[in-house]
Colleague: 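Have a look at the structure that comes next, please.
Counting starts at 1 for both ligands and their atoms, following the listed order.
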Amino acid sequence: MRRARRCIISEREGDPLVIRSLEFLGGMASPGGWRPAPGLPEVAFSGRSNVGKSSLINALVRRKALARVSATPGKTREINFFDVNGEFLLVDLPGYGYARVSKTQRATWRPLIEGYLRTSAQLRGVVQLIDSRHDPSADDLTMLEFLAELEVPTLLVLTKADKLRPRDLPERVRAIADAAGVDQSQLIPFSTVTGNGRNELAEALVELLAQPAWRSP
Ligand code: GTP
Ligand code: MG
């Protein structure tokens with residue numbers, strides 16, 4: 001499916017990522033299928049189904065419904081590409097680990113996601129989302145290992161932080177950092193409800209995008 005949509009967002013002072021234009025470029029439905037012509041740097045958002053990838057993308061670009069959000073897991077089934085400011089692409093990956101999706105679908109998703117991550121020459125980094133309320137799942141750990149094996153720069157975001165009691169957050173950050181084998185300073189707690197973490201993530205993304213591609217063409 002391909003659709004094009006443009007819009008202009010008002011500027012906010014001090015915003016590390018000011019959105020001037022946004023365009024949905026289309027979805028990649030199968031390995032080797034249509035994708036935007038490589039050119040602009042890309043950042044991909046990965047995580048289990050329902051963890052909040054599409055919501056986080058909307059919060060990042062301050063739009064209600066650029067990426068489709070759903071209470072039903074398994075909503076995003078294609079790899080969706082969004083052009084930001086004509087400068088870089090945000091890449092919304094389908095969620096993994098959703099048991100009720102048919103076996104055939106799961107069999108196509110894995111090669112789709114893996115193929116994209118293995119072959120995208122312009123990929124600058126991956127934002128890996130983990131639900132702040134739970135320890136990383138087995139699928140999360142498999143994905144983190146895969147990202148480490150690729151040596152792709154990875155940011156870790158803890159979603160739905162508003163669902164925790166504030167006093168429980170430090171302990172959750174510590175537990176997830178331990179389970180993921182990373183330093184606590186590498187985790188960004190995030191909430192689309194309170195807006196927490198949005199600017200921190202935007203800043204980290206801008207830095208990531210300024211780095212040269214880690215993968216040689
Ligand atoms: P798939 O496309 O199925 O892989 O899911 P996804 O990871 O894109 O999740 P999505 O953004 O569609 O969000 C799933 C559900 O979680 C929706 O009901 C969202 O409203 C809710 N949600 C997402 N982020 C937050 C958050 O920060 N706080 C709260 N309270 N709810 C959230
Ligand atoms: Mg989604």
Colleague: Going by distance only, is there an N or O of Gly95 that falls short of 3.5 Å from an N or O of ligand 1?
Modeller: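 Yes; the residue has a nitrogen or oxygen that sits under 3.5 Å from a nitrogen or oxygen of the ligand.
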Colleague: Under 4.0 Å from any heavy atom of Ser191, which atoms of ligand 1 are there?
Modeller: 27 (O)
Colleague: Verify the cluster assignment for Leu17 and Phe24: are they in a single hydrophobic cluster under the rule of side-chain heavy atoms below 4.5 Å apart?
Modeller: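 Yes, because Leu17 and Phe24 connect within a single hydrophobic cluster, where side-chain heavy atoms sit under 4.5 Å apart.
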Colleague: Just to check, does Ser49 reach to within less than 4.0 Å of ligand 1 when the distance is taken from its heavy atoms?
Modeller: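 Ser49 counts as a contact of ligand 1 under the 4.0 Å cut-off.
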Colleague: Please confirm whether the backbone N or O of Ser21 pairs with a side-chain atom of Asn85, one donor and one acceptor, at under 3.5 Å?
Modeller: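 The answer is yes, because a donor-acceptor pair under 3.5 Å joins these two groups.
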Colleague: Which residue from Asp92, Asn50, Asp162 reaches closest to atom 14 (C) of ligand 1 through any of its heavy atoms?
Modeller: Asn50
Colleague: Measuring to the Mg ion (ligand 2), does Ser55 have an N/O/S atom at a distance below 2.8 Å?
Modeller: no
Colleague: For ligand 1, is there an N or O atom under 3.5 Å from any N or O atom of Thr159?
Modeller: no
Colleague: Could you list which atoms of ligand 1 come closer than 4.0 Å to a heavy atom of Thr192?
Modeller: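 In order of numbering, the contacting atoms are 24 (N), 25 (C), 26 (C), 27 (O), 28 (N).
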Colleague: Under 4.0 Å, heavy atoms only, figure out whether ligand 1 is touched by the backbone of Leu56, its side chain, both or neither.
Modeller: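 For Leu56, there is no contact with ligand 1 at all, from either part.
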Colleague: To the nearest 0.5 Å, how far apart are CG in Leu56 and OG1 in Thr192?
Modeller: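 It comes to 8.5 Å.
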Colleague: Looking only at side chains, do Ser137 and Asp139 share a donor and an acceptor under 3.5 Å apart?
Modeller: no
Colleague: Got an N/O contact under 3.5 Å between Gly52 and ligand 1?
Modeller: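 Between Gly52 and ligand 1 (N or O atoms, distance only) the closest approach is under 3.5 Å.
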Colleague: Does Val193 reach ligand 1, in the sense of a heavy atom lying below 4.0 Å from it?
Modeller: yes
Colleague: Test side-chain contact (heavy atoms from CB on, under 4.5 Å) on Leu40 and Glu42 and set out the steps.
Modeller: CA-CA 6 Å; Leu40 295 175; Glu42 296 173 14; 5.8 Å; no
Colleague: Just jot down the ligand 1 atoms closer than 4.0 angstrom to any heavy atom of Ser55, in number order.
Modeller: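 Every atom of ligand 1 under 4.0 Å from some heavy atom of Ser55: 10 (P), 11 (O), 13 (O), 19 (C), 23 (C), 24 (N).
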Colleague: Is atom CD of Glu149 surrounded by more than 12 heavy atoms (other residues, nucleotides or ligands) closer than 6.0 Å?
Modeller: yes
Colleague: Would you say the side chains of Thr194 and Asp162 form a donor-acceptor pair under 3.5 Å?
Modeller: no
Colleague: Which atoms from ligand 1 have a heavy atom of Lys53 less than 4.0 Å away?
Modeller: 1 (P), 4 (O), 5 (O), 6 (P), 7 (O), 8 (O), 9 (O), 11 (O)
Colleague: Answer yes when Asp131 and Lys163 have at least one side-chain N-carboxylate O distance shorter than 4.0 Å, and no when they do not.
Modeller: no
